[in-house]
Amino acid sequence: MASASSQPQFRYTQPPSKVLHLRNLPWECTEEELIELGKPFGKVVNTKCNVGANHNQAFIEFADLNQAIAMISYYASSSEPAQVRGKTVYLQYSNRQEIVNNKTTADVAGNVLLVTIEGQDARLVSIDVLHLVFSAFGFVHKITTFEKTAGFQALVQFSDAETATSAKNALDGRIIPRYLLSENIAPCTLRITYSAHTDLSVKFQSHRSRDYTNPYLPVAPSAIDGSSQFSLGLDGKKLEPESNVLLASIENMQYAVTLDVLQMVFSAFGHVQKIAMFDKNGGVQALIQYPDVRTAVVAKEALEGHCIYDGGFCKLHISYSRHTDLSIKVNNDRSRDYTIPNPTMVNSQPVQTMGPAAHQYNGTQYAPGLEQPMMPPQPSAGWASAVPAPPQSMPVQMTNHHPYMPPAPMPQMTPGMMQMQGQSGVSPPAGIVPPYRPSQM
DNA sequence: AGCACA
């Protein structure tokens with residue numbers, strides 16, 4: 001075979017092509033100038049400017065081969081050379097048959113977004129914070145995070161391109177709301193393009209990747225034993241490995257926090273299997289067990305630092321427990337196993353009460369049964385404004401729609417609650433326990 | 001003046 005490809009390409013024996021290769025162009029030649037040059041000979045359907053080491057080459061692609069031939073033929077016999085800005089340009093058939101535009105993927109709308117987190121502390125942004133941010137626009141199927149030369153990046157998968165587009169339009173160029181991050185970390189700006197991916201492959205739930213459509217996906221070993229990689233917390237400290245069991249300590253407990261109150265608060269994020277309360281360091285702590293890590297992660301994100309009651313009372317501090325399955329010996333006012341049939345329980349309506357009620361959040365077009373209780377139903381309200389929504393806006397749903405919104409003071413009151421208040425000698429203002437409302441101090 | 005690097 002004659003090896004045409006091994007020959008120098010600047011013989012004038014290029015086979016015809018719809019694509020012409022132009023050289024000796026002036027610096028920064030524009031697409032418009034190329035179209036002007038080719039227009040007399042046919043329809044220019046594509047161009048590529050600023051090619052080559054000196055950016056002085058370009059391609060133009062005609063709709064039809066004959067148009068390209070016409071242009072080459074014309075200038076082959078013309079006394080006037082082809083010119084751009086008075087500079088002679090040289091034409092020949094390209095050795096390719098079409099222009100491939102490499103700026104496609106980032107411009108074609110898809111259901112997966114490529115998110116670059118910019119900022120000094122970008123790496124400290126947890127996948128859970130990203131999940132919260134993007135869940136405001138619809139159900140987030142999957143998230144993966146990774147390091148590239150571009151920095152800390154994430155792929156965020158939505159159901160469809162429309163949802164992804166609404167998130168992209170609202171978030172691109174914006175900062176992650178301050179109230180989602182601890183105070184001492186630098187602002188993080190989101191840069192968002194479309195990804196060419198349509199379905200991410202997530203093998204494990206881990207600190208780097210999540211599949212929110214599959215709660216039974218195994219948790220990565222590295223996320224369980226914590227021996228290999230800790231994820232960095234928002235404050236830059238090491239995080240304990242995620243767990244399905246949360247350890248909650250209650251600060252400034254002016255009002256009694258009973259087992260039932262805890263069960264209500266934590267049930268907003270999923271089924272609470274077991275709770276155990278105990279005294280430690282002069283305060284009250286509780287272990288709350290969920291069926292899966294994912295639910296616990298969401299609950300922790302949502303509740304950490306928030307107060308059960310208005311006024312900074314009963315502030316929750318939540319960490320992951322090393323337990324995975326609590327051993328509840330007896331059901332009483334300090335410990336309870338909600339997974340076993342409980343005809344003998346004193347207050348035996350809790351879980352069933354919460355189930356349906358917990359799903360009454362309006363605007364919940366997210367997948368049923370998944371844990372989005374705290375996503376703003378009207379994301380545009382929070383994101384369209386230049387100023388990030390105030391802290392209260394994120395959990396505001398819990399204020400408005402949380403099942404524990406008593407029409408009358410102190411509903412679901414338990415004997416234990418009464419007693420503890422009596423013992424403590426602290427009377428709530430006006431004798432009323434404020435409604436449960438997570439709020440930051 | 002001589003073929004694109006996503």
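Numbers restart at 1 for each chain; the letters A, B, ... are given by sequence-line order, proteins then strands.
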Contacts of type side-chain hydrogen bond (donor to acceptor under 3.5 Å, both in side chains), residue A:S321, not counting sequence neighbours | A:H323
Heavy atoms under 4.0 Å, any strand shown: does A:I99 hit a base, just sugar-phosphate, or nothing?
-> base
Over how many whole Å does the gap from A:E98 atom CD to B:dA4 atom P extend?
-> 15 Å
A:N95 CG to B:dG2 P: how many Å, rounded?
-> 14 Å
Please tabulate, for the side chains in residues 36-44 of chain A, all donor-acceptor contacts under 3.5 angstrom to protein atoms that are two or more places apart in sequence or on a different chain.
from	atom 1	to	atom 2	distance (Å)
A:E36	OE2	A:K39	NZ	3.0

Of the residues in residues 49-65 of chain A, which ones touch DNA chain B at a heavy-atom distance under 4.0 Å?
-> A:V51, A:N56, A:Q57, A:F59
Charged N-O contact under 4.0 Å between A:E242 and A:R210 = yes
Starting at atom OH of A:Y93, determine the distance to atom P of B:dA4, rounded to an integer number of angstrom.
-> 20 Å
Contacts of A:N50 meeting side-chain hydrogen bond (donor to acceptor under 3.5 Å, both in side chains) (sequence neighbours excluded), chain-then-number -> none
Check the distance between B:dA6's C1' and A:K148's NZ and give it to me in whole angstrom.
-> 12 Å
A:L22 CG to B:dG2 P, in whole Å, measures 12 Å
For A:H317, ring-ring contact (aromatic ring centres under 6.0 Å, His included) partners two or more places apart | none
A:K18 atom NZ is separated from B:dC3 atom C1', nearest whole Å, by 16 Å
Can you tell me the distance, in whole Å, between the CG atom of A:N46 and the P atom of B:dC3?
-> 20 Å
Can you pull the ring pair (Phe, Tyr, Trp, His ring centres under 6.0 Å) pairs that have at least one residue in residues 140-177 of chain A, sequence neighbours excluded?
-> A:F139-A:H141
Let me know the distance between CZ of A:R96 and P of B:dG2, rounded to the nearest Å.
-> 16 Å
